[in-house]
Amino acid sequence: MDKFVRLLAILSLTAFAVSCATVASVTGKGAQLAGNLGLIDNTTAQAVVKSTDSIGKALEDITPEQEYYIGRAVGANILITYKIYNGNPALTAYVNEICKTITINSPRPEIYNGYHVAILDTDQINAFATSGGHIFITRGLIDSTGSEDALAAVVAHEVAHILLQHGLKAIKTGRITQALVATGSAAASVATSGTDLGELTDIFDESVNEIVTTMVNKGYSQSQEFDADNTALSLMASAGYDPASLLDMLKALEKSQAAHSGGFNSTHPSPAKRLAAAEKNAGSYKVTDTRSYRVKRFKAVM
């Protein structure tokens with residue numbers, strides 16, 4: 001039995017490396033063949049086949065509607081910890097207008113139910129973006145901005161996470177990993193205890209908690225944060241904002257974050273690292289400097 005489980009795990013991982021779409025098929029057929037040849041009993045074979053169904057589900061394309069509802073569920077979880085700031089409706093409207101300017105000039109201007117920004121009532125310096133267009137920015141982070149363009153840099157970074165589907169990639173990675181583990185352990189589990197594998201195949205229900213943990217506690221990977229910054233530079237340039245303002249924002253964060261615990265400190269690479277990475281690409285965008293036209297309205301709403 002131990003030899004079969006190891007063989008099955010190797011088969012699954014090899015198939016995954018060659019083509020994700022073939023994992024469930026190869027592993028499931030392998031289990032059926034082993035059962036037919038008498039290498040394992042029918043109960044064990046069916047358990048493995050059942051667990052490989054979760055891999056197939058993990059690889060299905062998520063529709064825009066699913067993307068929205070996943071993001072909404074993630075947002076609801078975020079709001080268990082943070083409250084919405086309603087003290088300045090004009091500021092909320094202003095940030096949403098900035099978001100609209102950025103997204104309408106982006107590669108994906110329309111999504112299911114649109115993009116929406118909410119301000120979180122906390123001095124913590126942080127921001128979150130869920131799949132489906134839900135963006136949350138803290139008062140602390142907004143207070144750290146010194147111009148509309150710097151605020152636009154914050155919004156553009158979060159929009160970039162949505163466009164790059166970092167949340168969905170985190171979900172898929174987790175579900176595939178869990179599915180592979182379920183596949184490798186299914187035979188031994190059923191053979192020794194007759195465990196019901198229903199919860200092993202119901203991977204999707206764990207996705208929301210997984211992504212909340214990634215965003216709020218762990219943060220995205222360093223490479224994903226760098227990619228979001230570089231995409232933000234492009235988004236800002238396309239919308240007419242000065243991409244160099246992202247560098248200004250990172251410099252401001254570098255100065256202010258020493259006095260703030262948590263937030264970006266625990267979920268993002270240091271501003272110094274992000275600044276070094278972004279500086280390499282910021283100079284490639286040539287945008288007419290129109291920041292002076294936005295000073296008055298920024299001061300008025302802030």
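No experiment lies behind these values; they were computed from the predicted model shown. The figures here come from the full heavy-atom set of this structure, side chains too, leaving out hydrogens, waters and symmetry mates.
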> Quick one: does Gln224's side chain have a donor or acceptor within less than 3.5 Å of a partner on Ser221's backbone?
Replying inline: yes
>> Apply side-chain contact (heavy atoms from CB on, under 4.5 Å) to residues Ser144 and Lys255 and explain how you reach the verdict.
In response: CA-CA 10 Å; Ser144 299; Lys255 291 179 180 179; over 6 Å; no
> Can you name the one residue among Thr103, Val117, Thr231, Val154 that meets side-chain contact (heavy atoms from CB on, under 4.5 Å) with Val159?
Replying inline: Thr103
>> Quick check: closest heavy atoms across Leu247 and Ala282, and the distance to 0.1 Å?
In response: CD1-CB, 3.8 Å
>> Please find the pair of heavy atoms, one from His161 and one from Ala228, that lie closest to each other, and give the distance.
In response: CE1-CB, 3.6 Å
>> For residues Leu164 and Phe226: do they belong to one hydrophobic cluster (side chain heavy atoms under 4.5 Å, members Ile, Leu, Val, Met, Phe, Trp, Tyr)?
In response: no
> Which value, rounded to the nearest 0.5 Å, describes the distance between Leu235 atom CG and Asn230 atom CG?
Replying inline: 11.0 Å
> Any ion pair linking Arg291 and Asp242 (charged N to carboxylate O, less than 4.0 Å)?
Replying inline: yes
> Counting distance only, does the side-chain N/O of Glu158 pair as donor-acceptor with the main-chain N or O of Val155 below 3.5 Å?
Replying inline: no
> So, for Tyr220 and Ala129, which heavy atoms are closest and what is the spacing to 0.1 Å?
Replying inline: OH-O, 3.8 Å
>> Regarding Glu97 and Lys100, does a basic nitrogen lie under 4.0 Å from an acidic carboxylate oxygen?
In response: yes
> Could you give the distance from NE2 (His166) to OG (Ser223), rounded to the nearest 0.5 Å?
Replying inline: 7.0 Å
>> Are the side chains of Thr138 and Tyr85 in contact, using a 4.5 Å heavy-atom criterion?
In response: no
> Hey, mind stepping through Asn126 and Leu141 against side-chain contact (heavy atoms from CB on, under 4.5 Å) and telling me if it holds?
Replying inline: CA-CA 6 Å; Asn126 217 338; Leu141 181 52; over 6 Å; no
>> Give me the atom names and distance for the closest heavy-atom approach of Cys99 to Tyr115.
In response: SG-CB, 3.9 Å
>> In this structure, would Met302 and Met249 fall into the same cluster of hydrophobic residues linked by side-chain contacts under 4.5 Å?
In response: yes
> Measuring from Arg139:CZ to Asp123:CG, what's the distance to the nearest 0.5 Å?
Replying inline: 4.5 Å
>> If I take atom CG from residue Leu250 and atom CZ from residue Arg274, how far apart are they, to the nearest 0.5 angstrom?
In response: 5.0 Å
> Any side-chain heavy-atom pair from His157 and Glu225 closer than 4.5 angstrom?
Replying inline: yes
> Would a line drawn from the ring center of His134 to the ring center of Tyr68 be shorter than 6.0 Å?
Replying inline: yes
> Taking all atoms of both residues into account, what is the closest heavy-atom pair of Ser106 and Leu163, and its distance?
Replying inline: CB-CD1, 4.2 Å
>> The test is side-chain contact (heavy atoms from CB on, under 4.5 Å); show your working for Phe128 and Val74 and say whether it passes.
In response: CA-CA 10 Å; Phe128 310 100; Val74 171; over 6 Å; no
>> As an exercise, state the distance from NZ of Lys251 to OG of Ser245, rounded to the nearest 0.5 Å.
In response: 10.5 Å
>> Under 4.5 Å between side-chain heavy atoms, counting indirect links through other Ile/Leu/Val/Met/Phe/Trp/Tyr residues: same cluster for Ile125 and Leu91 or not?
In response: yes
> Could you go step by step and tell me if Tyr285 and Leu233 meet the side-chain contact (heavy atoms from CB on, under 4.5 Å) rule?
Replying inline: CA-CA 8 Å; Tyr285 296 98; Leu233 293 172; 3.7 Å; yes
> Any donor-acceptor pair under 3.5 Å linking the side chain of Asn96 with the backbone of His116?
Replying inline: no
> Around atom CD of Glu279, are there more than 12 heavy atoms of other residues, nucleotides or ligands at under 6.0 Å?
Replying inline: yes
> Atom OG1 in Thr130, atom CD1 in Ile70: separation rounded to 0.5 Å?
Replying inline: 9.5 Å
>> Do Leu246 and Asp149 make a side-chain contact, defined as non-hydrogen atoms from C-beta onward lying under 4.5 Å apart?
In response: no
> Got a sec, which residues hit side chain to side chain contact (heavy atoms under 4.5 Å, CB included) with Leu79, two or more places apart in sequence or on another chain?
Replying inline: Ile84, Leu120, Phe136
> Would Arg297 and Glu148 pass as an ion pair if we require N to O under 4.0 Å?
Replying inline: yes
>> So which atom in Pro243 and which in Val287 form the shortest heavy-atom distance, rounded to 0.1 Å?
In response: CD-CG2, 3.9 Å
> With side chains defined as the heavy atoms from C-beta onward, is the minimum distance between Ile111 and Glu67 less than 4.5 Å?
Replying inline: no
